[in-house]
Student: 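A single structure is presented below for examination.
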Amino acid sequence: MKSKLITLLLLITVGSVTFAQETKKEIPLKYGATNDGKRQDPAMQKFRDNRLGAFIHWGLYAIPGGEWNGKVYGGAAEWLKSWAKVPADEWLKLMDQWNPTKFDAKKWAKMAKEMGAKYVKITTKHHEGFCLWPSKYSKYTVANTPYKKDVLGEMVKAYNDEGIDVHFYFSVMDWSHPDYRYSIKSEEDSIAFSRFLEFTDNQLKELATRYPTVKDFWFDGTWDASIKKNGWWTAHAEQMLKEMLPGVTINSRLRADDNGKRHFDSNGRLMGDYESGYERRLPDPVKDLKVTQWDWEACMTIPENQWGYHKDWSLSYVKTPIEVIDRIVHAVSMGGNMVVNFGPQADGDFRPEEKALATAIGKWMHRYGEAVYACDYAGFDKQDWGYYTRGKNGEVYMIVFNQPYSERLVVKTPKGISVEKAALLGTGEEMNVVETARNEYNISIPEKSPDEPYVIRLKVRAAKGTKGIYRDALT
Ligand SMILES: C[C@@H]1O/C(=N\OC(=O)Nc2ccccc2)[C@@H](O)[C@H](O)[C@@H]1O
C-alpha cells in the first residue's frame, strides 16, 4: 500500500513539473526576439553558406601596436588606450600619424580570396571612435588625417569586386564621444545619452547609405548598463537597418530586451539573426549541441587575444594554421560560421605571419572546402578522429584531424542510417567500410597518409533496418 502511495505521489510530482514546464508563462516583451527560428531567406542562406570569414581590425591602435610611452602592454592592442589610461584627446592625436602608404585594397581583397574567405568583417569604428569612413557626424575620421582617403569605401569595392561579401563591425561604445555614458545615473546622463543614440543612428544610416552592398552589421560595445537600459533603441537600430537594407543580417550582440537581457531574450529566444557570443571560444561538440538549433558565428584571434595589430606576438601563444583550420571545421560541424581575425599594420600592410596563415588556410580550403562551404551539422555522434559535416545533397564528410593507431576510423550512424560508400576527397580513393555492430562501422584510413587533415566523403542511406542480426545485451 505504502509503495503504491509513494508511486502515486511521484507521478503527481513529475506530472506537475512537466505541466509547469510545458506551460511556462510567456513573458510579454515589446523588444524581444523578432525571428521565429532560423531565417530561411536567400540573404541568410548566403550568410550561412559562406561559413568562412575574415575579420579586419584596423584603427589608430595599429600605430602604437601595444606600446605606450615606452611600455609594452600585453592586453589586446585595440584596448591600449584603456590599458595605458590615455585620455581621449591625447589618443585621438594619433590621427596625425594615420598615413597607411602601403594600403592597397585590391591586394587585401586578393589575400582574402586566396584564403578562401567568402566574407570580410571590417571595423568601421572601434571603441576608440576613429571612423574608417569620412563620417560627417564626427571629426575623428580618415578625412581628417594625412591620408584623407575613404579606406572603408576602397575596401568595400575591392572585396565586392572579388566576389567577397562585406560585413560591418560597429562599436556602439565610443570613447571619443562626450555624450557616451556607461550608465544612466541622472537626468543629465539620460539627455546626453539620447543625443549619443541619435548620433549613432546618424552614423548607421550614413554607413547603410554610402555602402549599400553591405550584407551584415556586427555590433559590439553593447554590454554597458546604458545600452541594456535602452533595449528599445537596440530593436529600433535593427529595424532601421533592415528597412534600409532588405536582407541585411544583424548579430545578437546588439540586442537587449525590455529587461536588459542580451543575446537571448527573457523568453530564451535568440535576438538578432545569429548568435555572436562565441568569441575566442567554441561550443562543446557533445555538451553544447543546443547551438545547432540556431544560426551562430564564432570569431577568433591568432594570438591568444589580439584583434588589433600588436608589435610583439611573442607575448602569447600563436596558433598554427592547422589549429586555425580545426576551429573553422569545429564551428561548421556544429552549424556555425567562423571568422578568423587579421590586424593590419599602421602602414597598410599585413605582418608576415598573417600573410602565411592566409595562404596556408587557402591551400587547405582549396582542397577540402567542399566539406566546409554550404555545409552544416551532420547529426552524427562526435568521434575522436575529428568532425563531421553534412552537405546540401545529404553527403556526410569526415574531416580527420587525429588519425588513430588502430588505423580504423569509427563511425556511429544515427538510427536508421547506413554507410554505403567512403571515398577520400581529392583522389577519390575508396575506403573500406566494415559494419562492426548495429549502426557502427570501421572506415579504413588512406593507403598513403595525406600528411594534413583530410576529408572522407560518405555516401549514406536511410536503412530499412540493419538486417536484424544484432541483439541488445540483456543487462
Ligand atoms: C571582437 C572583439 O570584440 C570585443 N569585445 O567583445 C566582447 O566583449 N565579447 C564578449 C563580451 C561578453 C560575453 C561574450 C563576449 C572588443 O572589445 C574587442 O576589442 C574585439 O573587437
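Basis for what follows: all heavy atoms, side chains included, without hydrogens, waters or symmetry-related copies. Sequence positions, counted from 1, serve as the residue numbers for this chain. Note that the structure is predicted; figures quoted are calculated from it, not measured. Atoms within a ligand are numbered from 1 in the order they appear, just like the ligands themselves.
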Student: When the aromatic ring centroids of Trp223 and His127 are compared, is their separation below 6.0 Å?
Tutor: yes
Student: Less than 4.0 Å between atom 7 (C) of ligand 1 and some protein heavy atom, yes or no?
Tutor: yes
Student: Looking at Asp258 and Leu29, would you say the former's side chain and the latter's main chain have a donor-acceptor pair under 3.5 Å?
Tutor: no
Student: What do you think, any protein heavy atom under 4.0 angstrom from atom 16 (C) of ligand 1?
Tutor: yes
Student: Against heavy atoms of Tyr169, which atoms of ligand 1 measure under 4.0 Å?
Tutor: 21 (O)
Student: Please check atom 2 (C) of ligand 1 for a protein heavy-atom neighbour under 4.0 Å.
Tutor: yes
Student: What protein heavy atom lies closest to atom 14 (C) of ligand 1? Include the residue and the distance to one decimal.
Tutor: Gly277 O, 4.0 Å
Student: Using distance alone, decide if ligand 1 has a nitrogen or oxygen within less than 3.5 Å of any nitrogen or oxygen in Trp307.
Tutor: no
Student: Tell me whether Asp257 contacts the main-chain N or O of Asn259 through its side chain, where contact means a donor paired with an acceptor under 3.5 Å.
Tutor: yes
Student: Take the angle between the ring planes of Phe47 and His167 and call it parallel below 30°, perpendicular above 60°, tilted in between.
Tutor: parallel
Student: Please check: side-chain N/O of Asp150 versus main-chain N/O of Glu154, any donor-acceptor pairing under 3.5 Å?
Tutor: no
Student: Main chain of Pro134, side chain of Lys136: is a donor-acceptor contact present, judged purely on distance under 3.5 Å?
Tutor: no
Student: Taking the minimum heavy-atom distance to atom 4 (C) of ligand 1, which of Asn341, Asp220, Val339 ranks first?
Tutor: Asp220
Student: Only heavy atoms of Trp79, strictly under 4.0 Å: list the atoms of ligand 1 that pass.
Tutor: 16 (C), 17 (O), 18 (C), 19 (O)
Student: Among all the protein's non-hydrogen atoms, which is closest to atom 10 (C) of ligand 1, and how far away is it?
Tutor: Glu279 OE1, 3.8 Å
Student: Centre-to-centre under 6.0 Å for Trp98 and Phe130, is that the case here?
Tutor: yes
Student: Closer than 4.0 Å to some heavy atom of His57 - which atoms of ligand 1 meet that?
Tutor: 1 (C), 20 (C), 21 (O)
Student: Just by modelled atom types, is the Lys412 backbone N or O under 3.5 Å from a matching donor or acceptor in the Asp381 side chain?
Tutor: no
Student: To the nearest 0.1 Å, how far is atom 18 (C) of ligand 1 from its closest protein heavy atom, and which atom is that?
Tutor: Glu78 OE2, 3.5 Å
Student: Under a 4.0 Å threshold between the charged nitrogen and the carboxylate oxygen, would Lys205 count as salt-bridged to Glu243?
Tutor: no
Student: Taking distance alone, with no angle check, do Trp218 and ligand 1 share an N/O pair under 3.5 Å?
Tutor: no
Student: For ligand 1, which atoms, with element, lie under 4.0 Å from some heavy atom of Trp223?
Tutor: 5 (N), 7 (C), 8 (O), 17 (O)
